[in-house]
Amino acid sequence: MSLLDAIHANPVAADYLAWPGEFDPSRCYEHVEEVVLASGAALEPVAKDGAGGTYFLCGEGGEERPVLYADSEGGAALLAVGLPELVRLLLAVPWWRDCRRLTVAESAEAAEDYLEEEPGHYADRDAAAAALGLSVPTEAEALARLREVAFGLGASYVLLNAEEGNAYEQLLRA
């Protein structure tokens, strides 16, 4: 069974990933505008977030393909190499959008806000991880890997507005 199938089949995992993970594969529809990769590689939308952003698998193949996120405001970032890595990131740091510089200090600050509203967060996260058979990295490990992917491999995954040819802005900062 693919990871996407496992998410669809497990309400505990699907609910956690939809919120606070902001990754909902049941809401997979076109992005707010037509987009393409500058390289010409294929883009496959696989999930949406609550604000109109889209998660794409890049290139050909299965769930091991790089995962690019594009928001609805013209920003994008390569987040992971494969859906399992993306889901581990979302389990560890669902508030990654609030960590533009990918620091543990930013993550701790963002976590405070989330945990105030979601006191059962860690229990829900652990249940979702167990349901999917995934380990949860530490916040520091997840952010370090995100930094490595976004600023290493990410340079090869430039998202363009298909009509105008304008590149999306990098969501994250080095």
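Starting from 1, each residue takes its place in the sequence as its number. Note that the structure is predicted; figures quoted are calculated from it, not measured.
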Original post:
Does Glu118 reach the main-chain N or O of Gly120 with its side chain, forming a donor-acceptor pair under 3.5 Å?
Top reply: no

Subject >> Side-chain heavy atoms of Val87 within contact of Ile7, under 4.5 Å >> reply: yes

**OP:** Report yes or no: does Asp71 contribute a side-chain atom to a donor-acceptor pair with the main-chain N or O of Gly74 at less than 3.5 Å?
**Re:** yes

**OP:** For residues Cys58 and Leu43, report the shortest heavy-atom separation together with the two atoms involved.
**Re:** SG-CD2, 3.9 Å

Subject >> Side-chain heavy atoms of Glu109 within contact of Glu106, under 4.5 Å >> reply: no

Original post:
Do Tyr69 and Leu171 have side chains that get closer than 4.5 Å, going by heavy atoms?
Top reply: yes

**OP:** May I ask you to check whether over 12 heavy atoms, not counting those of Glu164, lie within 6.0 Å of atom CD?
**Re:** yes

Original post:
Should we say atom CD of Glu169 is surrounded by more than 12 heavy atoms from elsewhere, each under 6.0 Å from it?
Top reply: no

Original post:
How many angstroms lie between CG in Asn161 and OH in Tyr168, if you round to the nearest 0.5 Å?
Top reply: 6.0 Å

Original post:
So, for Trp95 and His121, is the gap between ring centers shorter than 6.0 Å?
Top reply: yes

Subject >> pair Arg145-Pro137: side-chain heavy atoms closer than 4.5 Å >> reply: no

**OP:** Look at the side chain of Ser72 and the backbone N and O of Ala51, then say whether any donor-acceptor pair between them is shorter than 3.5 Å.
**Re:** yes

**OP:** Compare every heavy atom of Val93 with every heavy atom of Cys99, then report the nearest pair and how far apart it is.
**Re:** SG-CG1, 4.4 Å

Subject >> His31 and Phe56 aromatic ring geometry - parallel, tilted or perpendicular at 30°/60° bounds >> reply: perpendicular

Original post:
Can you name the closest pair of heavy atoms from Pro20 and Pro94 and give their distance?
Top reply: O-CB, 3.6 Å

Original post:
Looking only at heavy atoms, what is the nearest atom pair of Glu63 and Leu3, with distance?
Top reply: OE1-N, 2.8 Å

Subject >> Arg27 side-chain N/O to Ala18 backbone N/O, donor-acceptor pair under 3.5 Å >> reply: no

**OP:** Test Arg97 against Asp49 for salt bridge (charged side-chain N to carboxylate O under 4.0 Å, His left out), laying out the working first.
**Re:** CA-CA 12 Å; Arg97 287 171 196 79; Asp49 69 11; 3.6 Å; yes

**OP:** With the side chain counted from C-beta on, respond yes when Leu153 and Val81 share a heavy-atom pair under 4.5 Å apart, and no when they do not.
**Re:** yes

Original post:
Mind checking whether Arg65 and Leu83 have side chains closer than 4.5 Å, heavy atoms only?
Top reply: no

Original post:
Considering the options Val36, Thr54, Leu68, which one meets the side chain to side chain contact (heavy atoms under 4.5 Å, CB included) requirement together with Leu159?
Top reply: Leu68

**OP:** Measure the spacing between CG of Leu89 and CG of Leu143 and express it to the nearest 0.5 Å.
**Re:** 7.5 Å

**OP:** Please say whether more than 12 non-hydrogen atoms of neighbouring residues, nucleotides or ligands are located less than 6.0 Å from CD in Glu44.
**Re:** yes

Subject >> For the student: nearest non-hydrogen atoms of Val12 and Ala128, plus distance >> reply: CG1-N, 3.9 Å

Original post:
So do Leu37 and Val158 actually touch side chain to side chain, heavy atoms under 4.5 Å?
Top reply: no

Original post:
Do Glu33 and Glu163 come close enough that some side-chain heavy atom pair is under 4.5 Å?
Top reply: no

Original post:
When rounded to the nearest 0.5 angstrom, what distance separates CZ in Arg147 from CZ in Arg101?
Top reply: 9.0 Å

**OP:** Locate the shortest heavy-atom distance separating Tyr55 from Val67; write the atom from each residue and the value.
**Re:** CD2-CG1, 4.3 Å

